[in-house]
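Before any comments, here is the structure.
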2 protein chains.
Amino acid sequence: MSNKPNAREAIVDTASRLFFTQGYHATGLNQIIKDSESPKGSLYYYFPHGKEELALTCINRTSEEVARLLRHYMESEAVPAQAVQNFIMSMANEAEKSSFEGLVPFSFWVAVETSCVSHELRTACQCVFRDWQDIIAKRLIREGVQEETAECKASVVVSLFEGALLQALTCRNIQPLEAAAECIPAILA
Amino acid sequence: MSNKPNAREAIVDTASRLFFTQGYHATGLNQIIKDSESPKGSLYYYFPHGKEELALTCINRTSEEVARLLRHYMESEAVPAQAVQNFIMSMANEAEKSSFEGLVPFSFWVAVETSCVSHELRTACQCVFRDWQDIIAKRLIREGVQEETAECKASVVVSLFEGALLQALTCRNIQPLEAAAECIPAILA
DNA sequence: TTTATTATGTAGACCAATTGTTATAATGGT
DNA sequence: ACCATTATAACAATTGGTCTACATAATAAA
């Protein structure tokens, strides 16, 4: 009872997990409907444009989720460098806890993959990176950093984190993330 | 005449380009044989184990190619930071020149994708990252940096570069790479 | 030197399985 | 009766992979 729109939620949940751990092309619609225990009819009922629309939804939803988390960490520390370090290490712990198999929402390497699919998906991924960068930059500006410098450093933080996550997932080891966190103060100084 | 093993070369060349720009799963065998103008018979003659064996060959070959390039840049400058900066900016120019569509061999985000395919591919990608890191670390150690610190900083450089490349390819803009290069001295100091 | 024999590649038709997608029928609550 | 949702079956297209036929070149036997 009262299972009104939870089929949609189940689909988006599992699809997000699969897209971000396996990749867009590696994830089949059949696997999504099997894992989410939802019928294929529902998938095309909620996402008439199919896989691409579903992916777009997953990207936007995950992006917002992460932005919220990032904002939380950036606000809850007096020193920006410490905030970023906490954020990175929390993600590292999360990844390790799930044996590098769970949804590590920041791992946006799907961006390049989906960029080849359609212009719409590429634009969505662009926005994701820009949003994250903005959150960090705004915090730095508030600290008195000049705007242009802040944008630049925020971009570096995002890049470093994405790259470290890529290495960590490949090697199934949080060491690259630890090294990244350690270097943050030197970058933001 | 004398066209002995150039079919193999053609296959590996085009397959590398496609794998590293589109991704492993997004690249079909049919596209490879069409683009390389080689018949499927030849593909399975040179790579009896199919797609996976071909991918392994592409990864190893590209990895060595990049390692050679990286080594070249690391040797040809007196100051390590300057060497890394030159390397990053040369890659940025290369990417821009091809409108972000050519083979940007450093973009190893396929690593995560292929990591899901087989243990063998994952191990290969791990080795790639370790090799690149070693090249940078050795140069830093030669400069008098302590071994452990050197390893850590080398890992950061690799992460930062990979992440910046990810952003650059997504946004079709070299700005993230420029920002990354600018930060290198602060990291290696 | 001519003739067999065997490697080495090329060429592409063919295969079962799966892909994303569509269409239509059946459900069930209001 | 209505409408939102679910449930199937089928769709063409493509996937990675196998198979056999064929050409050429190298080697061995006569």
Side-chain angles (χ1 to χ4, degrees), chain A residues 1-59 110 113-121 124, chain B residues 1-59 110 113-121 124:
Chain A
M1 294 82 188
S2 80
N3 52 346
K4 284 178 296 184
N6 72 351
R8 196 193 129 104
E9 276 306 298
I11 289 173
V12 176
D13 278 350
T14 45
S16 295
R17 204 191 65 238
L18 293 174
F19 280 150
F20 286 99
T21 50
Q22 303 181 335
Y24 179 79
H25 289 98
T27 304
L29 257 24
N30 293 325
Q31 190 185 3
I32 293 175
I33 61 141
K34 191 183 293 177
D35 281 29
S36 67
E37 291 173 338
S38 306
K40 192 174 271 193
S42 301
L43 201 161
Y44 273 90
Y45 174 76
Y46 291 112
F47 306 96
H49 296 296
K51 192 179 187 180
E52 195 176 320
E53 188 183 357
L54 175 58
L56 196 62
T57 305
C58 291
I59 287 173
V110 265
E113 197 187 2
T114 51
S115 292
C116 296
V117 175
S118 81
H119 178 68
E120 213 173 355
L121 284 178
Chain B
M1 292 85 180
S2 80
N3 53 346
K4 284 179 295 184
N6 72 352
R8 197 193 128 105
E9 276 306 298
I11 291 173
V12 175
D13 278 351
T14 47
S16 295
R17 202 191 66 238
L18 294 173
F19 281 151
F20 285 100
T21 50
Q22 305 181 334
Y24 178 80
H25 288 98
T27 305
L29 256 23
N30 292 325
Q31 191 185 4
I32 294 175
I33 62 144
K34 191 184 291 177
D35 282 28
S36 67
E37 290 174 339
S38 306
K40 194 172 270 192
S42 299
L43 200 161
Y44 274 88
Y45 174 76
Y46 292 111
F47 306 96
H49 297 294
K51 193 179 187 182
E52 195 176 320
E53 188 182 357
L54 174 58
L56 195 61
T57 305
C58 291
I59 287 174
V110 265
E113 199 187 2
T114 50
S115 291
C116 297
V117 176
S118 80
H119 179 68
E120 213 173 354
L121 284 178

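This structure is a prediction, so every number in the text was calculated from the model and none was measured. Letters A, B, ... are given to chains in the order of the sequence lines, protein chains preceding strands, and every chain is numbered from 1.
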Fill in the blank from the handout: From CG of B:Leu29 across to P of D:dT18 the rounded distance in Å is 11 Å
Handout entry: 5' priority, DNA chain C, between A:Asn30 and B:Pro39 [closest heavy atom]
Key = B:Pro39
Fill in the blank from the handout: When rounded to whole Å, the NE2 to C1' distance for the pair A:His25 and C:dT18 reads 15 Å
Practice task
Could you tell me whether the side chain of A:Lys40 has a donor or acceptor atom within less than 3.5 Å of a complementary atom in the base of C:dT21?
Solution key: yes
Handout entry: Rounded distance (Å) that lies between atom P of D:dG16 and atom NZ of B:Lys34
Key = 13 Å
Problem - Separation of D:dT14 P from B:Ile33 CD1 (nearest whole Å) - result: 13 Å
Practice task
For C:dG9, take OP1 and OP2 only and decide whether either is under 4.0 Å from a side-chain N or O of B:Ser42.
Solution key: no
Problem - Rounded distance (Å) that lies between atom P of D:dA7 and atom OH of A:Tyr46 - result: 11 Å
Exercise for the section: Take atom CD1 of B:Ile11 and atom P of C:dG9, then tell me their distance rounded to the nearest Å. Expected result: 12 Å
Handout entry: Residue A:Ala7, side-chain atoms from C-beta onward, closest of D:dT18, C:dT10, D:dT6
Key = D:dT6
Problem - B:Glu120, CD atom: more than 12 neighbouring heavy atoms under 6.0 Å - result: no
Exercise for the section: Take A:Phe47 and A:Arg8, measure what side-chain contact (heavy atoms from CB on, under 4.5 Å) needs, and give me the verdict at the end. Expected result: CA-CA 9 Å; A:Phe47 306 96; A:Arg8 196 193 129 104; 3.9 Å; yes
Practice task
Give the rounded distance in Å between these two atoms: CZ of A:Arg8 and C1' of D:dT6.
Solution key: 16 Å
Exercise for the section: Check every atom of D:dT5, C:dT10, D:dT8 against the side chain of A:Tyr45 and return the nucleotide holding the closest atom. Expected result: D:dT5
Fill in the blank from the handout: Taking every heavy atom of B:Ala15 against every heavy atom of B:Cys58, the minimum-distance pair comes out as CB-SG, 3.7 Å
Practice task
May I ask you to evaluate whether A:Tyr44 reaches the phosphate of C:dA23, defined as a side-chain N or O under 4.0 Å from OP1 or OP2?
Solution key: no
Completion exercise
B:Cys116 and A:Thr21 have their tightest heavy-atom pair at SG-O, 3.5 Å
Exercise for the section: Measure from NZ or CZ of A:Lys51 to the centre of the six-membered ring of A:Phe19 and say whether it is under 6.0 Å with the direction within 45° of the ring axis. Expected result: no
Problem - Distance in angstrom units between B:Glu37 CD and C:dA11 C1', rounded - result: 14 Å
Handout entry: Residue closer to the 5' end of DNA chain D, B:Lys51 versus B:Gly41 (nearest nucleotide)
Key = B:Lys51
